[in-house]
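Okay, so here's the structure we're looking at.
Residue numbers count from 1 along this sequence.
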Amino acid sequence: MKKLSYVIVCFFLFTAAICSCSKDDNPEEEITPSSLPTITNLVQSIASPQPGDQVIISATVTTEKGTTLSAVTLKWTLDGANQTSVAMSNGGTGDVYSGTITGQIAAGVAVAYTVSATNVNGTTDKSGNYTVKALPTPTGYSQLFLN
């Protein structure tokens with residue numbers, strides 16, 4: 001009887017040891033080699049820029065574990081023409097990248113921009129746009145006296 005109890009205990013210990021050695025199926029640790037970068041929180045520093053205002057575009061760019069970014073780029077066009085491109089930087093730390101769209105001279109200029117993030121698996125784009133507003137018209141000339 002003692003031998004049978006001993007065999008049963010050994011069987012359960014062996015089974016427990018085998019089960020504890022199984023692979024942990026934690027999806028956070030799996031590397032997905034075909035995943036593209038993710039662009040979120042696309043923000044422009046000035047909601048309604050006026051002539052001469054520079055607009056800083058920032059975005060949070062992340063990649064899956066095991067992949068690295070090769071480039072983050074800001075591209076913009078003015079009234080559908082003259083595409084300009086600048087590399088976005090993150091200041092050496094974190095996932096927030098930023099780039100500057102130079103100030104436009106004329107009011108009414110339509111600016112369309114795209115943030116592109118590239119890793120070894122390809123490129124992801126996210127777009128936004130704005131129109132340069134006119135300078136406010138001064139009012140209250142009734143108090144102005146000319147000599």
Side-chain angles (χ1 to χ4, degrees), residues 4-141 143-144:
L4 181 59
S5 297
Y6 179 73
V7 169
I8 291 172
V9 169
C10 286
F11 173 75
F12 283 118
L13 290 175
F14 179 74
T15 303
I18 295 283
C19 291
S20 68
C21 292
S22 68
K23 179 183 173 192
D24 183 19
D25 293 327
N26 186 352
E28 293 178 357
E29 294 182 8
E30 291 183 19
I31 296 174
T32 322
S34 62
S35 62
L36 296 173
T38 303
I39 301 172
T40 56
N41 302 327
L42 189 62
V43 177
Q44 63 189 55
S45 62
I46 304 172
S48 298
Q50 296 177 351
D53 289 344
Q54 291 188 346
V55 179
I56 299 171
I57 305 299
S58 62
T60 302
V61 182
T62 56
T63 60
E64 293 292 323
K65 183 176 180 180
T67 61
T68 57
L69 289 170
S70 56
V72 180
T73 308
L74 172 63
K75 301 174 188 174
W76 73 90
T77 60
L78 307 176
D79 289 330
N82 305 328
Q83 184 171 12
T84 304
S85 179
V86 296
M88 296 178 76
S89 64
N90 69 347
T93 59
D95 296 329
V96 178
Y97 289 77
S98 61
T100 303
I101 297 175
T102 56
Q104 307 311 311
I105 296 171
V109 173
V111 179
Y113 60 88
T114 303
V115 173
S116 299
T118 305
N119 67 5
V120 294
N121 301 316
T123 301
T124 299
D125 295 323
K126 191 154 190 169
S127 300
N129 58 54
Y130 63 87
T131 301
V132 177
K133 303 294 180 194
L135 290 171
T137 304
T139 58
Y141 291 122
Q143 306 259 341
L144 183 63

Just so I know, are the side chains of Thr100 and Val55 near enough to count as touching, which here means a heavy-atom distance under 4.5 Å? no
Mind running side-chain contact (heavy atoms from CB on, under 4.5 Å) on Tyr97 and Ile57 for me, showing each step along the way? CA-CA 8 Å; Tyr97 289 77; Ile57 305 299; over 6 Å; no
State, without any angle test, whether Thr73 and Ser85 hold a side-chain donor-acceptor pair at a distance under 3.5 Å. no
Minimum heavy-atom separation for Ile56 to Ser98, with atom names? CG2-CB, 4.0 Å
Pick one: which of Thr62, Asn90, Asn41 meets side-chain contact (heavy atoms from CB on, under 4.5 Å) with Asp95? Thr62
Which atom names give the shortest non-hydrogen contact between Ala117 and Leu69, and what distance separates them? CB-CD2, 4.2 Å
Would Leu42 and Val115 count as a side-chain contact (heavy atoms from CB on, under 4.5 Å) if you check the C-alpha gap in whole Å, the side-chain angles of each, and the deciding distance to 0.1 Å? CA-CA 8 Å; Leu42 189 62; Val115 173; 3.4 Å; yes
Of Gln44, Lys75, Gln83, Lys126, which is the lone residue that meets side-chain hydrogen bond (donor to acceptor under 3.5 Å, both in side chains) with Tyr113? Gln44
Between CD1 on residue Ile39 and OG on residue Ser116, distance to nearest 0.5 Å: 6.5 Å
Do Thr118 and Thr123 meet the criterion of a side-chain donor-acceptor pair at a distance under 3.5 Å? yes
Distance col, row Asn129:CG vs Trp76:CH2, nearest 0.5 angstrom, shows 15.5 Å
I'd like to know if the side chain of Thr77 and the backbone of Ala81 have a donor-acceptor N/O pair within less than 3.5 Å. no
Residue pair Ile101, Tyr130: steps toward the side-chain contact (heavy atoms from CB on, under 4.5 Å) verdict: CA-CA 11 Å; Ile101 297 175; Tyr130 63 87; 3.4 Å; yes
Between the OG1 atom in Thr124 and the CG atom in Leu36, the distance rounded to the nearest 0.5 Å is 4.0 Å
For Gln54 and Ser45 the tightest heavy-atom approach is O-OG, 4.2 Å
Would you mind reporting whether Val111 and Gln104 have side-chain heavy atoms less than 4.5 Å apart? yes
Using every non-hydrogen atom in the two residues, find where Ala107 and Ala134 come nearest and quote the distance to one decimal. CB-CA, 3.5 Å
Pairwise distance OG1(Thr38) to CD(Glu64) - rounded to 0.5 angstrom: 6.5 Å
Flag, side chain of Asn119 to backbone of Ser35, donor-acceptor distance under 3.5 Å: yes
What's the shortest heavy-atom distance between Pro51 and Ala106, and which atoms? CG-C, 4.2 Å
